[in-house]
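Each remark here refers to the structure printed beneath this line.
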Amino acid sequence: MRKGYFGEFGGQFVPELLVPPLTELEKAMQDIMDGPQFRKELDQLFSEFVGRPTPICRCANLSRDLGFDLWLKREDLAHTGAHKINNTVGQGLLARYMGKKCLLAETGAGQHGVATATAAAVLGLECIVFMGALDVKRQSHNVRRMELLGAKVEPVQSGTRTLKDAINAALRYWIGHQQDTHYCLGSAVGPHPFPLLVRKLQSVIGREARSQFMEKTGRLPDYVVACVGGGSNAVGIFHPFARDPHVNLVGVEAGGEGTPGCHHSATLCRGSFGVLHGTRTYLLQTEEGQIMPSHSVAPGLDYPGVGPEHAHLKESGRATYEVIYDQQALEAFYLLSGREGIIPALESSHALAWVIARKNRIKPESMVLVNLSGRGDKDLDIVREIEAQ
Amino acid sequence: MKKENLLTQRINEAVRRGRKALIPFVPAGFPSKDAFWDIILELDDSGADIIEIGVPFSDPVADGPIVESASIRCLEQGVSLSWIMSELLKYREKLRAGIVLMGYYNPFLQYGLRRLSTEAEKAGVNGLIIPDLILEEVRPHLELFGDFHLSFTPLVGLNTSKERMREYSGISPAFVYLVSVLGITGTRASADRLLRAKLAEVKEAFDCPVALGFGLSSRAQLDPIADLVDAVVFGSALIEHLDSGRKASEFMKAWK
């Protein structure tokens, strides 16, 4: 297999000027990340700062309603309220070992920006976050959080002024500032070695979940379900189960409003093969290869590409990917809030909604594990806006 | 002996006449689909040795804001690769300059690389610049490009190592393109020293002519390094010039 590829997906489709920092990063992963000192420090950050391990819990009420066991991996309980922090703390620590002074990040709705700013603050690094100008306006609360954490937020005025343009701007900035800056990419996307690096850090989710599940039930789950935007929480929980052939891995993509011709974010289910942001993967694009705008009620799923490893898991048949629409995700959001006392992120609500939508296909004695990737407090404005319509 | 690519020829001719070869870059369809080909003819007429036609892309990561917004304006007017190919077919015989298509990989990939190569040769394109295709990723396609007499021009930067440049030199490009501006910090004098040192390395690693680009706005910028450069590329400065309604020939005059 070619370096940096997952089957025929992945690679490094970047300007030559980014090859030196990518090579430097690849080497740092090999030389630093498996060393005892790094692992000790990362473990300590995970346990004391992030609050790991996060628990798994059985939804007693919903399991009764559904007729099978529904379990949640509680990434919503991680510091800053989502799995994003696993990646940023890990990359931040690596950056510090590499002698970098600044963490650079892109952000869509602001979750990854906040997680990066948080990691930078605790690790004593500077932080600069590129954010689409439209998103800066829509997510002023998260802009304020990042600023409180000491980050500089740069609004991006180009293109569609959203996440994909923020990534373009961050890549450009990195070209000019690679000597002292580490690009802390927020999902399992982008050029090699980012998809591997992000998976390596997010796999803590699946490793914990697998042993917790064994401990509590004496066996492995029948289904592991996660939402997929770029795909970092999904690859994080899938990877440690990849060699358990009886565990079905299900990725859930955002279908948007579901009306004919609407924008959506279902890259794997409805997109086509192409190259964006340094990687060969599935994309939402025109016939001419121009990138199309994406949409989802869940801001964290709103991206026109997807991690190359998911494209490979789909092609190889190891994981399956299905679509859930905005309305179904909202119903799951209300259901988990009201029945289990957990307000889920709208992203994670897509994974839950899949379980509910497929309940008749899931056998009664089954055990289903959903990655509850984040908490939903951040989404109350979005939900309120929809309720008002 | 292998026939010399027209791009190499054009640069060498200029150098023999004691000047730098001039390589203007304009995104296809800028500032409008109607005005674009007149600008290309005018650039050719006023001394362009090679013309780089930009194939607009929605997400041009290697370009600055001026080129990006120009590209998006072109896309909004419906510029596509098939439009570029069919128009170029009409105008090519009127143009003396070598023609390079510069575009990001995804639009080329969706068009089909074989279709691209076939049509490009037919339309008189002499080479390709694909800024997001590094050596490892372009290697599988070099034979195809070669079959249609399309030279692949590598971009190298101030951070590209000598070893890496030697690898690129191995693909025998018609010319090599040094991206000069990014990552330069410090005083003017130290920046010039850095650029000189890198240009000397590029000269040593490659057998082909060396073009310098990105961020060139005045002729005086060239003085300290003139002996090491064979060609200069203009992008943003030319786009800004055209956008203010001034003539292409006027821009070229300052560099002749």
Side-chain angles (χ1 to χ4, degrees), chain A residues 2-5 10-24 156-161 163-181 190-192 272-281 283-293 304-305, chain B residues 55-69 71-72 74-76 78-84 103-112 130-140 154-161 164-165 167-168 176-179 181-185 214:
Chain A
R2 280 200 284 164
K3 189 186 89 173
Y5 273 82
Q12 272 184 348
F13 295 84
V14 291
E16 180 61 37
L17 280 73
L18 280 178
V19 170
L22 290 170
T23 308
E24 182 191 5
V156 177
Q157 300 289 354
S158 60
T160 56
R161 296 183 292 153
L163 175 60
K164 78 176 180 69
D165 307 286
I167 296 179
N168 294 338
L171 284 168
R172 279 180 202 132
Y173 182 89
W174 199 29
I175 290 176
H177 297 82
Q178 49 193 260
Q179 269 181 340
D180 63 356
T181 300
H192 175 70
S272 57
F273 188 60
V275 169
L276 175 67
H277 293 145
T279 192
R280 185 200 282 260
T281 184
L283 305 178
L284 304 178
Q285 58 182 331
T286 66
E287 271 179 34
E288 279 92 30
Q290 307 298 340
I291 307 309
M292 299 204 313
Chain B
V55 179
F57 181 48
S58 53
D59 295 78
V61 288
D63 288 297
I66 294 167
V67 173
E68 175 167 35
S69 72
S71 296
I72 286 170
C74 296
L75 287 174
E76 282 165 359
V79 170
S80 67
L81 199 44
S82 53
W83 178 80
I84 297 170
Y104 288 82
Y105 186 46
N106 197 50
F108 290 154
L109 182 66
Q110 302 308 323
Y111 202 69
I130 309 176
D132 56 347
L133 217 50
I134 59 170
L135 185 64
E136 289 75 8
E137 303 292 356
V138 78
R139 228 191 257 287
L155 299 177
V156 297
L158 295 168
N159 61 353
T160 307
S161 69
R164 185 86 179 150
M165 286 196 268
E167 287 182 70
Y168 271 114
V176 56
Y177 189 157
L178 177 69
V179 177
V181 71
L182 299 161
I184 297 190
T185 52
F214 283 51

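Just the heavy atoms: all of them, side chains too, but no hydrogens, waters or symmetry mates, feed the values below. In what follows, every chain begins at residue 1, and chains take the letters A, B, ... in the order their sequences are listed.
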Pick from Pro154(B), Pro107(B), Ser161(B) with the largest number of heavy-atom pairs that fall under 4.5 Å of chain A: Pro107(B)

Option in Leu75(B), Leu133(B), Asp132(B), Ile72(B) with maximal non-hydrogen atom pairs under 4.5 Å from chain A: Asp132(B)

Structural part of Leu171(A) lying under 4.5 Å from a heavy atom of chain B: side chain

Minimum-distance pair of heavy atoms, taken over all atoms of Phe273(A) and Gln110(B): O-NE2, 2.9 Å

Spacing of Leu17(A) atom CG and Ile134(B) atom CD1 [to the nearest 0.5 Å]: 11.5 Å

Gln290(A) side, atom CD; Leu81(B) side, atom CG - distance, nearest 0.5 Å: 9.5 Å

Pair Gln12(A)-Glu136(B), side-chain hydrogen bond (donor to acceptor under 3.5 Å, both in side chains): steps then yes or no: CA-CA 8 Å; Gln12(A) 272 184 348; Glu136(B) 289 75 8; over 6 Å; no

Contacting moiety of Tyr104(B), where chain A heavy atoms sit under 4.5 Å: neither

Contact winner vs chain A - Gly157(B), Ser71(B), Ser58(B), Pro56(B), heavy-atom pairs under 4.5 Å: Ser58(B)

Heavy-atom side-chain proximity of Arg172(A) to Pro60(B) below 4.5 angstrom: yes

Distance-minimising heavy-atom pair for Asn106(B) and Gly274(A): OD1-CA, 3.3 Å

Residue pair Glu288(A) / Ser80(B), side-chain donor-acceptor N/O under 3.5 Å: no

Distance in Å, Arg280(A) CZ paired with Glu137(B) CD, rounded so as to fall on 0.5 Å steps: 6.5 Å

Region of Pro131(B) in contact with chain A, defined by heavy-atom distances below 4.5 Å: backbone

Part of Ile167(A) lying under 4.5 Å from any heavy atom of chain B: neither

CD on Glu24(A) to CG on Asn159(B), rounded to 0.5 Å: 10.5 Å

Spatial distance of atom CG (Asn168(A)) from atom CZ (Phe57(B)) [nearest 0.5 Å]: 8.0 Å

Interatomic distance, Ile66(B) atom CD1 to Ser158(A) atom OG [nearest 0.5 angstrom]: 13.0 Å

Proximity breakdown for Glu287(A) and chain B, heavy-atom pairs closer than 4.5 Å: backbone

Proximal component of Tyr105(B), with respect to chain A [non-hydrogen, under 4.5 Å]: side chain

